[in-house]
Amino acid sequence: MVNEKAQLRETIKKTESNLYKLSKQFEETEKLNSNLKETYDSILLMEKITEENPVLTAIATKEIKEKKLVSLFKQMEEKLALTKQKINSFDDNSTRAKLFLENFRTTRIYEFNDSESMENFVKQSYPLFSISRVLFKPEFVGTIKLESIAEELNEKAQGNQMISISTEKLPKLMEIIEKKDLFKNARIENELLKTVIKGQTTILVDSDNARIRRLDRLCKQFDGKWKEE
């Protein structure tokens, strides 16, 4: 068991290192994509010029032969095909790896088509897990503004940073957030589920994996989608 724990930790560390390396290497891929596009565009421009000016075909023939473009292009295409083949060979492992890591996901970004769908999702997410009270933390810090919100909710502000409210009042809270335009980084949370409102149609949630999966289904009910952080 001790050896297996050590092996697991070492494997996780190695995976982290490789993922960072791959991230850097994929930046180089962008340069490759740019060069490929420029190469194809150049060849197609040759085609266009010679079609519109057939008298230039002789010059193209001479220059292309001297520059060995035919053989160079063939070599490039062969290397490109081999690279595609190698990348495609990882498809099965890629799917299995993704499914495995998804079992450990604890955060998710949800996006909705409109603010109403986002608000309905938030209002239903906490009762879904029988959560009765949450803390509301707007991005601003100010006693007067916070107390005015607490008064509208018939709750008391806790200091100048948060309000504890019943989840039954989430519909009213969402109305206040929209009315006062508090969408940016407002937090609604308790120990089981944390929600950060990133905009009128986007939220970030933090919870355990089982709840994330249940929230995925709730998101679909409101025609939402999720993306990677």
Does any part of the side chain of [Y], heavy atoms only, come nearer than 4.5 Å to the side chain of [X], both counted from C-beta?
{"X": "Q161", "Y": "K137", "answer": "no"}
{"X": "I197", "Y": "M118", "answer": "yes"}
{"X": "S125", "Y": "L218", "answer": "yes"}
{"X": "K172", "Y": "I176", "answer": "yes"}
{"X": "K220", "Y": "W226", "answer": "yes"}
{"X": "K194", "Y": "L135", "answer": "no"}
{"X": "V134", "Y": "E189", "answer": "no"}
{"X": "E16", "Y": "L19", "answer": "no"}

Notebook entry, point to check: If you measure only the distance, is there a donor-acceptor pair under 3.5 Å linking the side chains of D92 and T95?
Noted result: no
For the residue pair [X] and [Y], what are the closest heavy atoms and their distance?
{"X": "C219", "Y": "K225", "result": "SG-N, 3.5 Å"}
{"X": "S115", "Y": "T201", "result": "N-CG2, 3.8 Å"}
{"X": "K156", "Y": "A150", "result": "C-CB, 4.2 Å"}
{"X": "T195", "Y": "V205", "result": "OG1-CG1, 4.0 Å"}
{"X": "K169", "Y": "N154", "result": "NZ-O, 3.4 Å"}
{"X": "L72", "Y": "K67", "result": "CD1-O, 3.5 Å"}

Kindly check if the number of other-residue, nucleotide or ligand heavy atoms within 6.0 Å of [atom1] ([X]) is above 12?
{"X": "Q221", "atom1": "CD", "result": "yes"}
{"X": "E78", "atom1": "CD", "result": "yes"}
{"X": "Q158", "atom1": "CD", "result": "yes"}
{"X": "E77", "atom1": "CD", "result": "yes"}

Between [X] and [Y] (side chain of the first, backbone of the second, donor and acceptor by atom type, cut-off under 3.5 Å), is there such a pair?
{"X": "T202", "Y": "G199", "answer": "no"}
{"X": "S94", "Y": "F90", "answer": "no"}
{"X": "T15", "Y": "T11", "answer": "yes"}
{"X": "Y126", "Y": "I188", "answer": "yes"}
{"X": "S23", "Y": "Y20", "answer": "no"}
{"X": "S89", "Y": "K86", "answer": "yes"}
{"X": "S207", "Y": "L192", "answer": "yes"}
{"X": "N209", "Y": "R105", "answer": "yes"}

Q: Mind telling me whether F112 and F222 have parallel, tilted or perpendicular rings, with 30° and 60° as the class edges?
A: perpendicular
Over 60° means perpendicular and under 30° means parallel, so tell me whether Y110 and F121 are parallel, tilted or perpendicular.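 Geometry flag for F121 against Y110: tilted rings.
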What residue among L36, I43, D41 forms side-chain contact (heavy atoms from CB on, under 4.5 Å) with T39?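 Result for side-chain contact (heavy atoms from CB on, under 4.5 Å) with T39: I43.
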- Item | Residues E51, K48: salt bridge by 4.0 Å N-O rule | no
Spacing of NZ belonging to K68 relative to NZ belonging to K74, to within rounding of 0.5 Å
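Taking NZ in K68 and NZ in K74, the distance rounds to 15.0 Å.
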dist I163:CD1 -> L146:CG (nearest 0.5 Å) comes out at 4.0 Å
Exercise. Are F73 and V70 connected, step by step, through hydrophobic side chains (Ile, Leu, Val, Met, Phe, Trp, Tyr) whose heavy atoms are closer than 4.5 Å?
Worked result: yes
